[in-house]
Amino acid sequence: MSAWISLLQKEFKSTRVSVLWGLVIVIAAGLLDVYLAYYYGRPGVATVLAAVAVTLHVFYLAIYMLKSLSSEWSNAHLWLHLPSSGWALISAKLASGLISMLISLGITCVFAFWVLAVELKNFAQFFDPQKLAIVSSAILNFSWLLVLMFIVGAIYNGMWAMMISVAMASTRNLIKKGRFFIGVGVFLIPTWVIGAFTNTAAYDLLVKWGTVNLPLNLTALDSMEHVDIQPTLNSGEILFYTLVMAAVFYLCGWLLDNKVEV
């Protein structure tokens with residue numbers, strides 16, 4: 001465990017400059033968006049920008065992994081000769097990237113809710129306060145679920161980005177040119193197969209089970225009546241995509257240990 005902690009510390013040190021600059025940009029953009037919410041004449045623009053900023057974090061971990069692994073390939077003889085397995089090496093990178101992403105996402109969400117609070121006051125000049133209260137309630141009820149979905153999506157994208165980089169590195173001594181297409185194929189072919197499988201009856205039979213209701217009590221905008229809106233999650237789908245990510249993680253570690261040459 002102490003060896004893995006050392007790997008994690010190494011990742012923090014090697015990426016701290018770029019991560020800190022990223023946080024500076026996030027804070028600067030957040031402050032600018034808050035300024036727009038207070039002083040821009042068209043309500044809604046700042047809210048859209050805040051929503052985009054939060055959504056972009058779905059790609060944070062993928063970009064982090066591609067950049068971090070790319071820097072390692074130039075010194076692969078040092079990184080791969082560390083007394084740790086390939087799974088330990090990549091899990092430390094994933095943990096470091098996830099922590100960085102959560103910090104950035106947390107700061108972005110703080111600014112997003114700040115902007116939203118200001119924008120709701122701006123919209124009060126044009127819309128029924130009761131309807132605005134309903135919209136505000138809906139956002140507060142669904143926000144945690146949306147943020148959780150962004151985090152899971154970011155981890156999923158980060159796994160595939162890692163697979164692309166490792167697959168390209170594992171063939172660099174066999175294929176001198178065109179390894180980019182290897183990376184693209186490693187991503188597109190499996191994801192196409194998974195996408196095709198999700199549209200089959202077999203997928204519904206194997207995966208569509210264990211429905212979990214998430215009760216969110218809201219009021220309908222059209223009738224102004226209290227209704228229960230219950231988004232659902234399927235335990236089978238959660239297990240399926242967990243297994244996909246586990247398989248990608250295992251394959252990346254195996255390739256690092258057996259196929260990536262220095």
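Excluded from the calculations below are hydrogen atoms, water molecules and symmetry mates; all remaining heavy atoms, backbone and side chain alike, are included.
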Study note, to complete from the structure: d(Leu102 CG, Leu61 CG) to nearest 0.5 Å is 9.5 Å

Exercise for review: Name all residues meeting the side-chain hydrogen bond (donor to acceptor under 3.5 Å, both in side chains) criterion together with Ser104; count only those two or more places apart in sequence or in a different chain, and write none if there are none.
Suggested key: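 For Ser104, the residues satisfying side-chain hydrogen bond (donor to acceptor under 3.5 Å, both in side chains) (neighbours in sequence not counted) are His57.
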
Check your understanding: With sequence neighbours left out, what residues match Tyr60 under side-chain hydrogen bond (donor to acceptor under 3.5 Å, both in side chains)?
Key ->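 If we apply the side-chain hydrogen bond (donor to acceptor under 3.5 Å, both in side chains) test to Tyr60, skipping adjacent residues, there are no hits.
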
Residues that [X] engages under side chain to side chain contact (heavy atoms under 4.5 Å, CB included), provided they are two or more places apart:
X     : value
Ala88 : Trp4, Leu7, Ser84, Ser85
Thr55 : Phe150
Ser71 : none

Point to revise | Sub-4.5 Å side-chain heavy-atom contact between Trp87 and Cys252 | key: no

Exercise for review: Can you tell me which residue pairs pass the salt bridge (Lys or Arg N to Asp or Glu O under 4.0 Å) test with a partner in residues 10-25, sequence neighbours excluded?
Suggested key: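 Sorted pair list: Lys10-Glu72, Glu11-Lys93.
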
Check your understanding: Tell me the salt bridge (Lys or Arg N to Asp or Glu O under 4.0 Å) pairs involving residues 183-192, sequence neighbours left out?
Key ->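 Pairs touching residues 183-192 that pass the test: none.
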
Check your understanding: Mind checking what makes salt bridge (Lys or Arg N to Asp or Glu O under 4.0 Å) contact with Lys67, not counting sequence neighbours?
Key -> none

Point to revise | All salt bridge (Lys or Arg N to Asp or Glu O under 4.0 Å) counterparts of Asp204, not counting sequence neighbours | key: Lys208

**Study point:** For the student: nearest non-hydrogen atoms of Ala167 and Val186, plus distance
**Key:**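 Shortest heavy-atom contact: CB-CG2, 3.6 Å.
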
Check your understanding: Where do Ala62 and Asn157 come nearest, in terms of heavy atoms and distance?
Key -> CB-O, 3.7 Å

**Study point:** Residue Trp254 excluded, over 12 heavy atoms near CH2 under 6.0 Å
**Key:** yes

Practice item. Give a yes or no on this: more than 12 heavy atoms of other residues, nucleotides or ligands lie within 6.0 Å of atom CG of Leu243. Key: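 Correct, the count exceeds 12.
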
Study note, to complete from the structure: The ring-ring contact (aromatic ring centres under 6.0 Å, His included) partners of Tyr35 (sequence neighbours excluded) come to Tyr39

Check your understanding: Taking only residues two or more places apart in sequence or in another chain, which ones pass ring-ring contact (aromatic ring centres under 6.0 Å, His included) with Phe197?
Key -> Tyr203, Phe240

Could you pull out every donor-acceptor pair under 3.5 Å between side chains of residues 25-32 and any protein atom, sequence neighbours left out?
none

